[in-house]
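This report concerns only the one structure given below.
Protein chains get the first letters and strands the later ones, always in sequence-line order, with residue 1 at the start of each. Because the structure is predicted, anything quoted here is derived from the model rather than measured.
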Amino acid sequence: MELTATILLFIGVVFGFMAFTHLSMNMKIPKMTWMIHLIMVILGVAALIIYAFATENVEKHYNILVIFGIALIPGLLILFGKRGTGTKKALAMLYGLIGLFGFFWLLTYVLP
Amino acid sequence: MTKYICNILLGILMISCGNTEGGAGGGSHPLQQEATATAYTVRIPGSNPEEQAILLTQTVYPATREDNAVGAIILVPQDEHIAFTAMHRITHMPVNAPMLFLSEDNTISEQTLREMKRLKPDGVFQDERTDVYAVNVPAKEVERIEEILGYRVRTFFEEDPIKLASLLDMWQAAMKADHPDEVVISAIDHPQGIEHGIGAMGWNAHMGKGFAWVYRDSIPQATIDILKRRYGDFGAFMYLTGGPDVISDKVAKELGRYGLVRRISGKNVFASNTTNAGYKDFGRNWGWWWDWIPRSWGWGIAQAGHNYIIGNPDDMLYMIPAAVLGHMGKHGPILLVKPDSVPKATADYLKMVKPFKTGPQETILNFAWIIGDTTSISMATQQSIDRLLSPFDVPVDTTAYLPNAPILQEKKD
Amino acid sequence: MKWTYPIVAFIVVFVLGFGLTNLIKEELEVSPWSESGAEEGRLMAHTKNVTRLVNAGAADLHAYLKQTIPYEEAKTTDMAPSEKNWQEFFLQSLKVDPDAKNIVVVPGGGKDALKWALPALYYAYFNGSPVLFYQNGELSGNKGNLQNKKAFIIGSDDLIPNLDEFEEAERITAKSPQQLALKLAEYRDEEAEFGWGRKGDRDNGYFHYVLTTPDDALLGLAALSYARSNNATLLYAEEDGGISGELDRYAFAQRSDWFVTPSEGPFRHFWIVSNRVSYAAQGRLDFALEKAEYASMGPVALGDMEALMLIFVIWGVASALFVWIHALYTLPMVKMPIKISWALASMLLPILGPVLYINSYRRPATEVEKGDWRWIRSYNQQSAAATAMGFGYGAPLMIVIGFIMVWFGFPLFFGPGWEGPFFWLGAGMPIMMIAMYVLAVLIAWALVQYPMKKNMMPGMSNKQISKMAFITTALSMLAVSLGMMTTSWYMLMDKIPMMPKEDDVLWFASMWLASFIGFLIAWPINWLFIKNKLKPGNV
């Protein structure tokens, strides 16, 4: 489950990065790109939550869920807030940095 | 200033990122009662080589995190010459490996396997992230390590210790892109060759220099090959462990073709090892226009404030893995004593390095590890060593202070 | 085609971001393996820097130490200490030094008083200071010959008030016995000769410590001999068996550094006498005291050189963020690949990167074609910009490849076939360097320089472009490598005694420094490219 979450989140990261590249060039983000990002991240986090409940391992990755929770704030602001591109860029950068940090933190457990 | 920053950061982090609470640490440890601690010594009480090796890895590596677990593990059969050669060349950084033994029938015992699991090697990044160095370990056992523990194993298979030294020399040179020009040389066919060289082996486990074997009266080809590989300005710097009775003058002269020859020797094995503890050779080795690298070999300890690893010359299989105590922790040279007394050479050396009060609220302190259970070194001898290490006077007869230390946990309140 | 640049940027951000996160995580972890089998199968409790005296109570421990520390100078009285007789036990054990310059005044009475008194009793026993116990408004203890001595009144305000019957007195208190013990460990009044004076920045003393919990203070008292035999200071762990952040910090400050070999003194040691202290705490203390080389001070602790280099890396990351954000918002006429290369270059060029970047764009520009702008720059500035274009993609890629190799381990080739003067070609470092150069050139050529050149010189054939891109990439990276490889070899193999691993600040810092030097070397060489119009320097 840990590995599934990592793979799902990795796909999420790749599409998130693509979305951010569009945004930084002031281009409209294709719907597919951000939708895939959204779905993958939701599935990935869901997998993490299931892992936390199912595992007998001491490490339950609560800290990663907290980091993603923090990333959610700018994430939701981009999704639902009606803001200009300038603000969106800043929010996306913040969201991306926090989200990536959380993903890397997970990766430190998964990689050999 | 950096320390304050470090302090503040650490304080915050300790609170936010983990804690050290847990079950009581003074749980039941089967050998704790035998592990007698005096003011300046602690006994590591193995009753056979396998157990001794496990006790040593447990002492040196608590394995509560990557940084206090091992880099890799050396696994060898219970063969003095093989173990001695491996400990000489593999232990030191960047490998950071303690030694564990196969059982007498050349298999990995359950206890050793568990200890290998506990040690969680990080893998040596300079060498393909190797977790275990298996020297002359049967293929079946190597497979078991890979299957059960999932560790990456590098195998060295060479029955002849002389050729093994050469193989390990090539491997080390590749890993560091350099040959250490200092080479320790011990006699393989002298009954006390290892005993004379054990202290020097301790330095190599601590500092990672070269090693080769010779016969009492001749030099094997593999050793000549090792020596020819040195690229110092004037070849190798060779340190023969033992006097002309151990390695003949003829061999010493022949070795002179490959560089500078020195002897680290005393009248007996005890004196050879105290000489080693005080021995230091440094000076020119290699220079080129802009940079220069001096040679540096030996502990050179002639003053108070150090640690020693103390054992019995009859227990070389206990003492070889004990060199890991010179690789981590307080580090320090190996000294030898008799089971029931401290020989004159060792006592004289310890008197030279005896501490004394150095300030109103300070004293320099010595420390020592006692290797083996009370059949290897008696309680009385441990106490005599303690007295010699202490900053207090040594009375004429040290056996007066003694022994009958009650065993902890035996008496109840 | 335009996607190739962000892909390279993604690889760099992903790998280096992961590396730095991993670094942070490993430094923050306290004792992650203590719950998953680190203590399993242990045969005895001692570790190399921490000795644990497992015991069945104060009487047991006292009797044991009477035998194992038989020295007249460190003798305690024969009777076993208990909660009732602890004052008497101490007074009988204490050998008062008539020349002592201080008096120690501590609370007397029950167990609570012992908790507060014990750290001071250790020093009093060591120093031979007369000790007075305060209980119910009365003082008892060594009452004779108190003239010309400074009194130290120690303990919590609840148990002992400020007393005014002394000629000269100093009050020492803290919020908890744990904090009081730490305070006394660091405290020193040189004139009155009171306190251990074991401050964090003392690097040359042989300091021993006895560790117990306040609830097990009686065990600490039973181990009083250590105060004289080993000059041991008493410290307290927490009641739950863990150690506080303050004690952890103090223990790390006690880690000594070595300059020549780790066998040089001093070393420090803990003696745990309470069974309640956890294995995780013992492992942490053992690790905290482990001697380390000066440059890095070992894992977790921050060495002087490490601190300096860490600042360098942090400034680099900050510079990259600054350049990226600045370019994103203020330079719409600069193309994305150029922005990315400036940001990545600035990551490895702390301060210098942003300075060159600002200097490159705060000047007049002309639009040569629609959407294609050129800035008017000096040759010097042009070559800096041209260097940054290649360096921005190439150097981080080299670090990325280096990191991946260190993470998975260097390949190693040795054996009879590899003997001779070129044996070192089988070694990890040279292989890493060659791989770093070759792979970085190939990636930068295929994903960055070829598309960039193609975009700029639409007239040329693909073959010509790819050849030209390859030559300029290989040459300019060679120039960077000249500085980068020599510096990284010098740092990793020569200057730092223990080659740092991928989870070490010094590994990253060495690479950062090496890249910086690589840039400085490549800058004048790029001047030749600009002169010969092989590279554009004004985009």
Most heavy-atom pairs under 4.5 Å with chain C, out of T130(B), N307(B), D67(B), belong to D67(B)
Would you mind checking which part of F282(B) comes under 4.5 Å of any heavy atom in chain C, side chain (CB onward), backbone (N, CA, C, O), both or neither?
neither
Which atoms of V42(B) are under 4.5 Å from chain C, going by heavy atoms: the side chain, the backbone, both sets, or neither?
side chain
Is the number of heavy atoms from other residues, nucleotides or ligands under 6.0 Å of K163(B) NZ greater than 12?
no
Which portion of T363(B) sits near chain C, non-hydrogen atoms under 4.5 angstrom
both
Counting heavy-atom pairs under 4.5 Å with chain C, which one of A177(B), A39(B), P30(B) comes out on top?
A39(B)
So, using side chain to side chain contact (heavy atoms under 4.5 Å, CB included) as the criterion, who are the partners of K25(C) when residues are at least two apart?
W105(A), T108(A), Y109(A), E29(C)
Can you say whether P360(B) sits under 4.5 Å from chain C via the side chain, the backbone, both, or neither, judging by heavy atoms?
both
Contact class of M207(B) relative to chain C, heavy atoms under 4.5 angstrom:
side chain
Which bit of H206(B) comes within less than 4.5 Å of chain C, counting heavy atoms only: side chain, backbone, both or neither?
side chain
Looking at R229(B), M175(B), Q382(B), which makes the most heavy-atom pairs under 4.5 Å with chain C?
R229(B)
In sequence, state the C-alpha distance, the side-chain angles, and the governing distance for H208(C) and Y226(C), and then conclude on ring pair (Phe, Tyr, Trp, His ring centres under 6.0 Å).
CA-CA 8 Å; H208(C) 283 224; Y226(C) 281 117; 8.1 Å; no
Flag yes if more than 12 heavy atoms outside K176(B) fall under 6.0 Å of its NZ atom; otherwise flag no.
yes
Using the rule given for ring pair (Phe, Tyr, Trp, His ring centres under 6.0 Å), can you reason through F367(B) versus Y40(B), listing the C-alpha separation, both sets of side-chain angles and the distance that settles it, and then say yes or no?
CA-CA 5 Å; F367(B) 198 87; Y40(B) 315 105; 8.2 Å; no
Taking it one step at a time, do F423(C) and F414(C) satisfy ring pair (Phe, Tyr, Trp, His ring centres under 6.0 Å)?
CA-CA 7 Å; F423(C) 76 92; F414(C) 66 97; over 10 Å; no
Where on R154(B) is there a heavy atom nearer than 4.5 Å to chain C: the side chain, the backbone, both, or neither?
side chain
Scored by heavy-atom pairs under 4.5 Å with chain C, the best of M93(B), E115(B), M328(B), H327(B) is M328(B)
Could you label the plane-to-plane angle of the W203(B) and W299(B) rings as parallel, tilted or perpendicular, counting under 30° as parallel and over 60° as perpendicular?
perpendicular
Is there a ring pair (Phe, Tyr, Trp, His ring centres under 6.0 Å) between F126(C) and W196(C) once you walk through the steps?
CA-CA 10 Å; F126(C) 166 80; W196(C) 295 102; 5.0 Å; yes
In terms of the angle between their ring planes, are F194(C) and Y123(C) parallel, tilted or perpendicular, with boundaries placed at 30° and 60°?
perpendicular
Among S34(C), G241(C), A281(C), which residue forms the greatest number of heavy-atom pairs with chain B at distances under 4.5 Å?
A281(C)
R114(B) versus chain C, the contacting section by heavy-atom distance below 4.5 Å:
neither
Under the criterion side chain to side chain contact (heavy atoms under 4.5 Å, CB included), I'd like the reasoning laid out for E362(B) against K357(B): C-alpha separation, chi angles, the key distance, then a yes or no.
CA-CA 6 Å; E362(B) 285 178 33; K357(B) 216 166 157 55; over 6 Å; no
Please identify, among P262(C), S256(C), G205(C), G242(C), the residue contributing the most non-hydrogen atom pairs under 4.5 Å to chain B.
P262(C)
Segment of Q111(B) engaging chain C (4.5 angstrom heavy-atom cut-off)
side chain
Interface moiety of I54(B) toward chain C, non-hydrogen atoms closer than 4.5 Å
side chain
Measuring heavy-atom distances to chain C, does N96(B) have an atom under 4.5 Å in its side chain, in its backbone, in both, or in neither?
neither
Most heavy-atom pairs under 4.5 Å with chain C, out of I364(B), T41(B), N68(B), belong to I364(B)
If you count heavy-atom pairs under 4.5 Å between each of I293(B), D386(B), D291(B) and chain C, which one has the most?
D386(B)
